[in-house]
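A short write-up of the structure that comes next.
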Amino acid sequence: MARRRRSPLDTKRPAEINEDWLATYADAITLLMAFFVMLVSFSKIELPIFEKIQAGIAENIGKRSVVRPTEILETDLKDVVFNLQLDKSVSVKTDDEGILMELASGSFFQPGSADLTRDAVLFLKDVGDLLKQPRYMGFQIEVKGHTDDSPINTPRFPSNWELAAGRAIAVVRFFGAVGVDPQSDRMRAISYGDTMPKLPNEDDQGNPIPENREVNRRIEVRVFPKYARGL
């Protein structure tokens, strides 16, 4: 009896894998990415959270560690304050934009003057040495001058606007003198005069509050990465 020739159609073929779901998955990922981009475009970036998320993604997905420059700089600045024993005159903290240093004008300037004191020179020299390091070159520096509401009228400073501006400019100039990129748009000086007090300058009866006025006389130095104010 002749053996029947096996047809090529009789050969069992491996089942084809249906990968149509990949198209749906890719569409979903694309939509999610677009959604998060839209959220970011309408929201304000909170820098500490942004850096933590960035580091978490790198560590858990990329299996690599990420250095958070803002966190390192905050620690270094606090070390400067501690080493110079200026904890009563300088505060360093991080907010949703970056690092904010508040300098008490009473310790950094003579009354009615924009000339830096010895403590101010020592502190700003160490801060400048940090800010000119390569790792912080992408950080912007804003120096804001604030006064209390006590009137001033001198040839150099006809009002609190000029006094606050002079003090902010003095800090910026000092940073430039120690090599913090004075010719770029990295630094700016801003005067608020007495328009943004932290505490009321007077009580309800119009009597001055000396301790509050002392708090209101301050210099704010804000240091933040460029990406902290929009993508």
Side-chain angles (χ1 to χ4, degrees), residues 47-48 51 68-133 135-137 139-150 157 160 163-182 186-201 209-225 228:
L47 183 62
E51 287 192 347
R68 290 187 248 168
T70 302
E71 184 176 338
I72 296 173
L73 179 56
E74 180 187 12
T75 301
D76 290 342
L77 291 171
K78 288 181 176 179
D79 287 343
V80 171
V81 174
F82 177 80
N83 292 334
L84 294 177
Q85 299 181 352
L86 291 174
D87 53 295
K88 294 183 178 180
S89 303
V90 180
S91 70
V92 180
K93 62 183 179 181
T94 301
D95 59 17
D96 59 356
E97 289 189 9
I99 297 171
L100 177 63
M101 291 179 282
E102 289 193 2
L103 322 177
S105 292
S107 298
F108 280 70
F109 301 96
Q110 296 297 327
S113 167
D115 298 328
L116 296 171
T117 64
R118 178 179 177 276
D119 284 344
V121 169
L122 294 175
F123 175 75
L124 295 175
K125 171 65 168 58
D126 288 349
V127 173
D129 288 341
L130 285 173
L131 296 178
K132 68 182 181 183
Q133 293 181 9
R135 72 168 64 175
Y136 303 127
M137 290 304 294
F139 281 64
Q140 302 289 104
I141 303 165
E142 282 186 355
V143 182
K144 303 175 182 179
H146 299 268
T147 68
D148 60 22
D149 63 346
S150 301
F157 304 114
N160 281 317
L163 177 59
R167 289 175 171 178
I169 291 170
V171 174
V172 169
R173 282 180 173 170
F174 187 90
F175 282 150
V178 297
V180 188
D181 218 6
R186 187 183 177 195
M187 295 191 290
R188 66 185 66 175
I190 303 170
S191 172
Y192 284 103
D194 59 2
T195 63
M196 295 186 66
K198 293 183 67 176
L199 299 172
N201 287 297
I209 309 176
E211 57 271 24
N212 287 9
R213 284 182 167 178
E214 183 177 0
V215 171
N216 293 333
R217 297 189 296 269
R218 68 198 188 278
I219 292 290
E220 295 178 347
V221 180
R222 181 175 293 283
V223 184
F224 58 94

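No hydrogens, no waters, no symmetry mates; every other heavy atom, side chains included, goes into these values. Just so it is clear, the structure is predicted and the values come from calculations on it, not from any experiment.
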Is there a side chain to side chain contact (heavy atoms under 4.5 Å, CB included) between V80 and F123? Walk through the geometry before answering. CA-CA 7 Å; V80 171; F123 175 75; 3.7 Å; yes

Output side-chain donor-acceptor pairs under 3.5 Å for residues 81-93, partner residues at least two apart or in another chain, one line each.
unit_1: N83; atom_1: ND2; unit_2: D79; atom_2: O; d: 3.1
unit_1: S89; atom_1: OG; unit_2: S107; atom_2: OG; d: 2.8

Distance check, rounded to the nearest 0.5 Å: I169 atom CD1 versus I190 atom CD1? 11.0 Å

CG/L73 to CG/L131 distance, rounded to the nearest 0.5 angstrom? 6.0 Å

Here the gap from E214 atom CD to I209 atom CD1, rounded to the nearest 0.5 Å, amounts to 13.0 Å

Quick one: CZ on R188 to NZ on K144, what's the gap to the nearest 0.5 Å? 9.5 Å

Given side chains that start at C-beta, do those of V172 and V180 come closer than 4.5 Å, heavy atoms only? no

For the student: nearest non-hydrogen atoms of A164 and T147, plus distance: CB-CG2, 3.9 Å

Non-hydrogen side-chain atoms of I99 and T70 separated by less than 4.5 Å: yes

Quick one: pull up CG in N201 and CZ in R217 and give me the separation to the nearest 0.5 Å. 9.0 Å

Flag side-chain contact, heavy atom, 4.5 Å: R213 against D149: yes

Tell me, do I141 and R186 make a side-chain contact under 4.5 Å, heavy atoms counted? yes

Taking atom CD of Q133 as the centre, does the number of heavy atoms from other residues, nucleotides or ligands within less than 6.0 Å exceed 12? yes

What are the two closest non-hydrogen atoms of A114 and A170, and how far apart are they? O-CB, 3.5 Å

Any non-hydrogen side-chain atom of K132 less than 4.5 Å from a side-chain atom of F175? no

Going by heavy atoms in the side chains, are V127 and L77 under 4.5 Å from each other? yes

Using a 3.5 Å distance criterion without hydrogens, assess whether the side chain of N212 forms a donor-acceptor pair with backbone atoms of L199. no

Show, in sequence, the C-alpha distance, side-chain angles and deciding distance for R222 and Q140, and conclude whether the side chain to side chain contact (heavy atoms under 4.5 Å, CB included) test is met. CA-CA 8 Å; R222 181 175 293 283; Q140 302 289 104; over 6 Å; no

Minimum-distance pair of heavy atoms, taken over all atoms of Y136 and I72: OH-CG2, 3.3 Å

For the backbone of G98 and the side chain of D95, can you confirm whether one donor and one acceptor N or O come within less than 3.5 Å of each other? yes

Ignoring hydrogens and geometry beyond distance, is a side-chain donor-acceptor pair present between N216 and D194 at under 3.5 Å? no

Side chain to side chain, V143 and R167, heavy atoms closer than 4.5 Å: no

Geometric class of the Y192/H146 ring pair [parallel <30°, tilted 30-60°, perpendicular >60°]: parallel

pair L100-F224: side-chain heavy atoms closer than 4.5 Å: no

Using the side chain to side chain contact (heavy atoms under 4.5 Å, CB included) rule, take L116 and F109 through it: C-alpha gap first, then chi angles, then the decisive distance, then the call. CA-CA 5 Å; L116 296 171; F109 301 96; 3.4 Å; yes

Would you call R218-E220 a salt bridge at under 4.0 Å N-O? yes

How long is the gap from CG on D76 to CG on D129, to the nearest 0.5 Å? 11.5 Å

